[in-house]
Amino acid sequence: MPIHPHEENGSHPMASVTSLSASVQQHLATALTAALPEAGSADPLLRRSDRADYQANGILALAKKAKANPRELAAQVVSRVVTGEVIEDIEVSGPGFLNITLTDKAIVENLAARYADADRLGVPFAENPGTTVVDYAQPNVAKEMHVGHLRSAVIGDAVVQLLEFTGESVVRRHHIGDWGTQFGMLIQYLDEHPHELDHKNSRVSGEEAMSNLDRLYKTARRLFDSDEEFKTRARRRVVDLQAGDPHTLATWQKFVDESKIYFFSVFEKLDMEVRDPDIVGESGYNDMLAETCRLLEESGVAVRSEGALCVFFDDVKGPDGNPTPLIVQKSDGGYGYAATDLSAIRDRVFNLKANTLVYVVDARQSLHFRMVFETARRAGWLGDDVTAHQLAFGTVLGKDGKPFKTREGGTVKLEDLLDEAVQRATAVVREKAGKVGLTEQEIEENGRYVGVGAVKYADLSTSAVRDYKFDLDQMVSLNGDTSVYLQYAYARIQSILRKAGEARPAAHPELALAPAERMLGLHLDQFGETVLEVAAAYEPHKLASYLYQLASLLTTFYDQCQVLSPDNPPEVVENRLFLVDLTARTLHRGMGLLGIRTPERL
Ligand code: ARG
């Protein structure tokens with residue numbers, strides 16, 4: 001009997017699907033406890049395998065512990081395993097491994113249940129969801145965004161999507177740099193040249209906003225460096241700003257607003273949702289800074305040293321062997337980066353009730369976070385029930401393996417970089433557009449999705465902490481581990497589904513599967529477990545590699561199995577359409593979690 005998919009917008013919430021590996025695991029555990037009661041809930045160490053569908057390697061260690069012969073124990077387990085429904089065949093191999101083959105029926109039925117859950121594909125929610133604050137995409141006011149900000153935004157966005165998908169409550173925080181002494185000079189300059197940021201009621205583009213700010217910054221800087229009197233006036237403005245003088249604050253706000261126009265334009269280019277209320281920059285913690293210092297000093301966590309309020313660590317020393325403290329308040333009374341981060345921790349733990357704090361920040365700030373977290377632990381703000389984690393990322397390198405710079409040695413503007421990626425991608429899309437019959441508008445839209453996807457995927461497909469080379473040629477290549485390869489895999493399936501005419505996808509558990517169908521099916525079964533693991537460990541690169549494998553298995557499947565061949569009986573066509581459609585949905589879901597679109601036609 002074929003299984004027909006449910007209507008997509010049916011009102012029944014679908015139950016999550018137990019994975020095949022989990023049910024095999026269950027079968028083994030039951031047999032194991034029967035064969036060796038003292039094994040308790042020991043892990044049979046199940047792995048996907050080349051020789052069978054799964055291999056269990058756990059018997060060896062258990063036999064050793066129980067002083068039993070491993071092959072004998074393995075044979076006893078085998079004799080107790082219930083076969084037929086899920087497990088087709090199980091046998092002892094080598095010194096005591098188990099090789100396990102599943103029934104085709106179990107595979108197809110499992111996939112059919114996933115297919116019926118159009119939204120979550122049967123992926124369960126995490127067992128104990130909590131509240132996580134993710135601190136990511138944190139550019140600085142009145143400054144150009146650079147590739148480091150790109151990494152934080154791309155990785156952070158993927159982590160947010162992944163966590164939300166597992167049922168975690170996520171609070172997004174964009175800890176932008178919007179406070180500090182550099183604003184004195186900017187505010188003073190704008191006050192003396194009040195029309196510099198006037199838009200005369202016309203809306204400015206992000207690029208214009210940035211160039212306005214950049215021009216202003218440069219002229220103010222020049223004046224600051226050359227004119228002693230201006231310097232004095234600028235310094236006074238810092239004091240006014242910190243004292244909350246309304247006029248000074250209003251001028252400061254103009255810089256923040258102008259910068260946001262620019263930030264939002266970049267985030268939009270990145271095809272990423274950043275919401276205004278989630279932008280809580282350094283200035284957002286102003287009211288807490290004095291209290292943070294007082295609490296630290298009263299508890300003795302911080303001490304005065306040469307006038308500054310400092311926290312010392314036994315294992316943090318400078319090159320001269322002297323301890324390097326975390327400075328919470330400078331000797332002139334000014335608060336630094338540490339004071340803001342410590343206050344933010346108090347806010348996130350006590351007001352937002354977070355169980356977990358994740359900071360997606362450059363690895364070069366690791367010492368800062370180590371000291372900040374340790375300080376917060378000593379102060380009792382981070383208790384045993386709260387985890388703080390810096391998701392540190394490496395440096396973006398140029399093709400030459402050196403930190404990414406323009407030919408002139410300047411920092412590369414994020415916008416230029418994205419524009420170039422989109423331009424290259426559009427050329428790639430255009431080349432094939434005739435065959436698919438894309439309109440000019442579709443070419444441009446797909447060019448954007450492919451270009452931005454390429455940049456995101458390149459960032460997300462290597463482990464975050466490693467440096468990675470920004471190489472556009474490689475990123476938009478159609479072959480290899482790129483987002484374009486995955487996007488083509490998806491679009492190719494859509495094209496098959498369009499060509500299928502009357503034939504509809506339907507699961508046929510009664511059919512025998514070809515080897516390439518089994519491989520594809522067993523991999524599709526792993527999606528849920530992969531997503532949960534990846535979310536729990538903040539490792540989007542493992543989802544990228546799962547998806548790349550999926551696309552590769554699909555390529556093998558095409559080589560070995562025709563979908564719409566007239567030689568196929570109708571049920572084979574339906575079953576194969578079902579397999580590729582589930583593959584497409586899985587690609588779409590998985591790519592979506594990484595922030596990458598899957599165009600329907602490419
Ligand atoms: N604005 C900082 C920068 O550009 C990153 C902020 C990171 N987040 C934090 N809570 N310190 O380097």
Side-chain angles (χ1 to χ4, degrees), residues 132-157 159-160 170-183 186 210 213-214 217 252 255-256 259-260 262-264 266-267 270 274 278-286 288-289 292 311 326-328 335-352 354 356-377 381-382 386-396 403-404 411-415 459 464-465 538:
T132 298
V133 174
V134 184
D135 182 320
Y136 71 107
Q138 326 97 327
N140 300 315
V141 165
K143 286 203 191 132
E144 193 86 56
M145 287 174 79
H146 56 69
V147 282
H149 297 124
L150 170 77
R151 292 212 76 185
S152 176
V154 169
I155 298 169
D157 185 55
V159 167
V160 167
V170 178
V171 182
R172 311 166 186 206
R173 278 293 174 264
H174 307 291
H175 195 90
I176 62 170
D178 60 356
W179 203 249
T181 44
Q182 74 277 21
F183 283 99
L186 291 171
M210 190 60 240
L213 288 165
D214 196 46
Y217 189 94
W252 165 79
F255 285 100
V256 176
S259 293
K260 279 189 183 174
Y262 163 69
F263 297 158
F264 283 124
V266 176
F267 291 129
L270 270 175
V274 167
D278 299 328
I279 302 183
V280 182
E282 295 174 10
S283 70
Y285 304 96
N286 277 341
M288 300 177 74
L289 302 176
T292 296
V311 183
L326 180 73
I327 300 179
V328 190
Y335 301 108
Y337 195 42
T340 322
D341 267 324
L342 286 164
S343 303
I345 289 182
R346 291 174 56 216
D347 180 52
R348 292 167 188 188
V349 173
F350 300 118
N351 299 331
L352 299 175
T356 311
L357 309 178
V358 177
Y359 295 78
V360 190
V361 185
D362 196 314
R364 286 170 286 196
Q365 293 188 32
S366 292
L367 180 60
H368 166 78
F369 282 105
R370 190 150 72 80
M371 296 198 285
V372 164
F373 296 161
E374 174 61 24
T375 301
R377 293 234 172 261
W381 301 332
L382 282 177
V386 186
T387 314
H389 177 74
Q390 183 194 0
L391 206 178
F393 54 79
T395 307
V396 182
F404 202 47
T411 39
V412 181
K413 289 187 190 169
L414 201 51
E415 295 215 281
D459 195 323
V465 69
Y538 317 117

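One-based numbering, in listed order, for ligands and for the atoms of each.
The distance from the CG atom of Leu289 to the CG atom of Leu342 is 10.0 Å, given to the nearest 0.5 Å.
Atom numbering of ligand 1 starts at 1 in the shown order; those under 4.0 Å from a heavy atom of Phe369 are 9 (C), 11 (N). Close contacts of ligand 1 with Val361, meaning ligand atoms under 4.0 Å from a residue heavy atom, involve 7 (C), 8 (N). The contact set between ligand 1 and Asp341, taken as ligand atoms under 4.0 Å from a residue heavy atom, comprises 9 (C), 10 (N), 11 (N).
Between the side chains of Glu282 and Tyr337, not a single donor N or O lies within less than 3.5 Å of an accepting N or O.
Ring geometry, Trp252 versus Phe183: the interplanar angle exceeds 60°, so the pair is classed perpendicular (tilted spans 30 to 60°).
Under the ring pair (Phe, Tyr, Trp, His ring centres under 6.0 Å) test applied with His389, the options Phe369, Tyr359, Phe373, Tyr538 reduce to a single match, Tyr538.
Proximity of Tyr285 to ligand 1, defined as any heavy-atom pair under 4.0 Å, is not found for any part of the residue.
In terms of protein heavy-atom proximity, atom 11 (N) of ligand 1 is nearest to Tyr337 OH, 2.7 Å. From the protein, the heavy atom lying nearest to atom 8 (N) of ligand 1 is Asp135 OD1, 3.3 Å. Ranking protein heavy atoms by distance to atom 1 (N) of ligand 1, first place goes to Asn140 OD1, 2.8 Å.
Contact check on Arg173 versus Asp135 returns no salt bridge, with no Lys/Arg side-chain nitrogen under 4.0 Å from an Asp/Glu carboxylate oxygen.
Taking a 4.0 Å cut-off on heavy atoms, Gln365 registers as neighbouring ligand 1. A heavy-atom separation below 4.0 Å is found between His149 and ligand 1.
Between His149 and Phe263, the ring centre distance reaches or exceeds 6.0 Å.
Of the possible polar contacts, one joining the Asn286 side chain to the Ser283 backbone as a donor-acceptor pair under 3.5 Å is found.
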